[in-house]
Amino acid sequence: MTVDATALVVPVPPPARKVPHLRTHHGDTFVDSYEWMREKESPELIDYLKRENEYTDAVTRDQEPLREAIFNEIKDRTQETDLSVPARKKGWWYYSRTEEGKQYGIQCRVAAEDTGDLGRDWTPPEVVAGRPVPGEQVLLDGNELAEGKPFFSLGGMSVTEDGTLLAYCEDNAGDERFTLRIKDLGTGALLPDEVPNIFYGLSFSPDGSRVYYTVVDDSWRPYQVRAHTLGTPVADDVVVYQEDDVAMWTGFEVSADRTQLLISIGCSEYSEYRVLDLSRPQDGLTTLIPRDERILYDAEPLSIGGVPHYLLTHDRGAKNSMVSLVAAAEFSRPLAEQAWTTVVPHDDDVRVNGVAVTRTHLVLSVRKDTIERVQVLPLAGLGTADQGLPTEPDFDEELFTSNLANAEFDSPIIRLSYASYLTPPRVYDYVLEGGSLELRKETEVRGGYDPADYVAERQWAPAADGTLIPLSVVRRADLAQDGTNPAVVYAYGSYEVSMDPAFSIARLSLLDRGIIFVTAHIRGGGEMGRSWYEQGKKLNKKNTFTDFVDATTHLVTSGWVDAGRIAAMGGSAGGLLMGAVANLAPEKYRAIVAQVPFVDALTTILDPELPLSALEWEEWGNPITDPEVYRYMKEYTPYENVRPVAYPRIAAVTSYNDTRVLYVEPAKWVAQLRETTTGTEPIVLKTEMDGGHGGASGRYSRWRDVAWDYAFAADAVGATEVLARSTSSVE
């Protein structure tokens, strides 16, 4: 018998050099031995990250067959050659499609007809995957644009009203800094206009002569809205607005009726709108409600009886927000003297997320009973005694998500997206007059997927303070409630972001291995309204972490899950959550997967020169000026609280070019964990050297990333083989 000598070699992690670095604030000094890793261009650092990747490859080599199996399952279940449902804008139907074997989408259009029959004119043309579309014009082929480049991502597209020009921007590094280009759709040629280093989002002016875009400052904060006039030097681009407050984020959009440029400036607690009349840009910007009033609001213009008005979605005396109608002239008066008419009143049980308008209807996005849904209200009689009642499309699942996907101003229909944990994404057209719902597409899941084979249900986990935490639990229908099942618990819990029900082809690979997949809707997210968010931010942030631990405890006591077979997973701010629960309750988890984890949050936020730091003050508090915030954060931030306990196996997954959560955070954290743990479980760092915040670009690369994370978790909880189907129904 021959023994493979390489199989006997135990991988050894690369040594991490320690250089004491003192960080002193509010009389407290923290010794940081790994801050030197912030030197991104250092040959020593680059070599260290590469050796960490080699160690990770060695430690997880036995998971390669499982990774390959999961990748192939994702691939085999995905309709690789596919098309989106065409959406109409002016005289064209726009859609995207994918082709088998190609990483990136292809953006296309075909001409629309105007016959006078609204039903016919707004019914999308039938396009069939793999079949040529008559009259198709390819606008952008991402595969051609990405050829020979290490990374490719589109940051926005805009077409002129007359359909002759296309503006788009692309990122080839993963650092979310894009280059703007203009394409003549008649000739296919690129115009000489090229604007480097712009941020997400762009839009043509209604006359097509200018492109509006945003620019970030050195800390990656979008702070300028600029206008580029076609055919002029980039150096002559006009700064339409500049925001100098380092804690405020700036964005823009062109209003639905294409009459105004709406510039939004805000943080998570209050905002301000500056508006530009696009027919008279020389008149400059007008402020609606100044930020000093500390109102969090969104604004959308509309005309009522020929009089300019704004619809405001706001939190003035309304924690969950409400909608008011305000004549434009009112904003020239002091706030206390303005006349606001209630359109959608405040409701403690309903979170109003925002509104969109068409020529005839108001479209509401609301959250009720944790579920995001769409409601429609006619504009006729709006704000008067004749105002109608909102109507809502009716769906038959308990846990679902319904969003507005498209609402062209002159369209008689709106486009809705729908998905649930068990139902693949659907596209509906909702007819505004009459309320009929037309199913346009349900995403195909290949390989014989049957939703009846799975169960999605809501459970409620009691937190230590008595609060009930909603859990979304998805599992195979034939699993027994015998306390032997493995589980993966996922959560985010920050920025009022909700982890809404969604379908995942990749998740089927975990479910089919008997893993119960649980999404914990912990405080700090937005699932239960504004108060739910406020109970998990700033000096209440610890609730986010204890909620996750309490949710884990509940799963064990529910009789479904084996206490020794639980993996935890989360990314970005959810990665901070992973680091916090690793310190709080390491014994509860067999493995932790921390994706682009914000685990050195205190160091980052204490330095306003670092990317996005100042913008974080409204979420976590400002530890620079407030000693109480500093003390509170230092009690939970993962890096400072690594302690001598037996940590579970941990994978920290990051990207070298990530501009949101810098690679240095997980790199330092992993080094500190290895130095301190009393256990023997491997702790690994996996760095995508060409990726950004979302990892590598291209769908096949993303599938491999997901397969890596899932295989790490599944291997840890001993669920590597697909279970045979039960021949008898359990439910």
Side-chain angles (χ1 to χ4, degrees), residues 4 6-11 55-78 421 445-449 453-455 473-490 504-519 552 555-556 560-571 578 588-595 647-653 679-684 686 700 702-727 730:
D4 182 0
T6 60
L8 302 178
V9 177
V10 177
Y55 172 69
T56 298
D57 289 343
V59 167
T60 64
R61 186 167 290 126
D62 61 338
Q63 297 168 23
E64 177 58 33
L66 179 57
R67 290 197 291 263
E68 196 64 23
I70 293 174
F71 171 80
N72 285 323
E73 288 161 15
I74 297 171
K75 188 172 182 289
D76 292 344
R77 288 184 174 119
T78 301
Y421 292 113
V445 181
R446 303 173 68 182
Y449 170 71
D453 291 337
Y454 307 89
V455 173
V473 181
V474 190
R475 58 178 170 81
R476 283 253 299 237
D478 55 0
L479 292 185
Q481 191 175 355
D482 59 7
T484 67
N485 300 299
V488 168
V489 189
Y490 177 85
S504 167
I505 283 178
R507 187 171 57 225
L508 296 175
S509 293
L510 295 183
L511 300 179
D512 282 349
R513 287 169 172 80
I515 293 174
I516 297 176
F517 195 96
V518 181
T519 301
T552 304
L555 293 172
V556 175
W560 282 103
V561 175
D562 182 343
R565 303 181 71 194
I566 301 174
M569 185 177 293
M578 293 299 99
K588 288 185 177 289
Y589 304 99
R590 190 73 186 89
I592 292 176
V593 180
Q595 303 152 322
Y647 282 93
R649 64 186 67 176
I650 293 175
V653 181
T680 59
E681 291 290 349
I683 298 170
V684 300
K686 175 175 176 280
Y700 297 107
R702 287 194 297 271
W703 295 349
R704 290 202 178 276
D705 286 346
V706 171
W708 196 99
D709 295 351
Y710 279 9
F712 188 91
D715 178 71
V717 299
T720 60
E721 300 297 328
V722 174
L723 304 182
R725 291 284 174 192
S726 172
T727 56
V730 177

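Since the structure is predicted, the reported quantities are computational estimates derived from the model, not experimental observations. Along the sequence shown, residues are numbered consecutively beginning with 1. Note that these values count all heavy atoms, side chains included, but never hydrogens, waters or copies made by symmetry.
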Can you name the side chain to side chain contact (heavy atoms under 4.5 Å, CB included) partners of D62, sequence neighbours left out? none
Show, in sequence, the C-alpha distance, side-chain angles and deciding distance for V473 and T519, and conclude whether the side-chain contact (heavy atoms from CB on, under 4.5 Å) test is met. CA-CA 7 Å; V473 181; T519 301; over 6 Å; no
Kindly write out the residues that satisfy side chain to side chain contact (heavy atoms under 4.5 Å, CB included) with R446, not counting sequence neighbours, or none if the list is empty. Q79, E444
Please tell me if the side chains of V474 and V455 come closer than 4.5 Å, counting only heavy atoms from C-beta onward. no
Rounded to the nearest 0.5 Å, what's the gap from CG on D705 to CD on Q595? Could you check? 9.5 Å
Write down the atom of G514, the atom of L723, and the distance for their closest heavy-atom approach. CA-CD1, 3.5 Å
CD1 of I505 to OG1 of T78, rounded to nearest 0.5 Å, is 3.5 Å
Testing R513, R507, R67 one by one against E73 for a salt bridge (Lys or Arg N to Asp or Glu O under 4.0 Å), which residue passes? R513
Any side-chain heavy atom of V518 sitting closer than 4.5 Å to one from I516? yes
State whether W708 and K686 meet the cation-pi test: NZ (Lys) or CZ (Arg) under 6.0 Å from the six-membered ring centroid, and within 45° of the perpendicular axis. yes
Roughly how far, to the nearest 0.5 Å, is CG of D562 from CG of N485? 8.5 Å
Does the side chain of Y421 come under 3.5 Å of the side chain of S504 through a donor N or O and an acceptor N or O? no
To the nearest 0.5 Å, tell me how far D478 CG sits from D453 CG. 7.5 Å
Hey, does the side chain of R565 reach the backbone of G718 with a donor-acceptor pair shorter than 3.5 angstrom? yes
Work out which heavy atom in F71 is nearest to a heavy atom in A707; give both atom names and the distance. N-CB, 3.8 Å
Roughly how far, to the nearest 0.5 Å, is the CD atom of Q63 from the OG1 atom of T56? 10.5 Å
Which atom pair, heavy atoms only, marks the closest approach of L479 to W560? O-CZ3, 3.6 Å
Given side chains that start at C-beta, do those of I515 and V717 come closer than 4.5 Å, heavy atoms only? yes
How close do L66 and T720 get, counting heavy atoms only, and between which atoms? CD1-O, 3.6 Å
Specify the closest pair of heavy atoms between D512 and R725, including all atoms of both residues, with the distance to one decimal. OD1-NH2, 3.0 Å
Contact between V593 and Y710 at the side-chain level, heavy atoms closer than 4.5 Å - yes or no? no
Considering only NZ, NE, NH1 and NH2 on the basic side and carboxylate oxygens on the acidic side, decide whether E68 and R704 come within less than 4.0 Å. yes
Geometric class of the Y454/Y449 ring pair [parallel <30°, tilted 30-60°, perpendicular >60°]: parallel
Closest contact, heavy atoms only, P648 versus I592: CG-CD1, 4.0 Å
Name all residues meeting the side chain to side chain contact (heavy atoms under 4.5 Å, CB included) criterion together with A591; count only those two or more places apart in sequence or in a different chain, and write none if there are none. A567, R649, F712, A716
Less than 4.5 Å apart, any side-chain heavy atom of P11 and any of R61? no
Separation of E681 CD from R590 CZ (nearest 0.5 Å): 4.5 Å
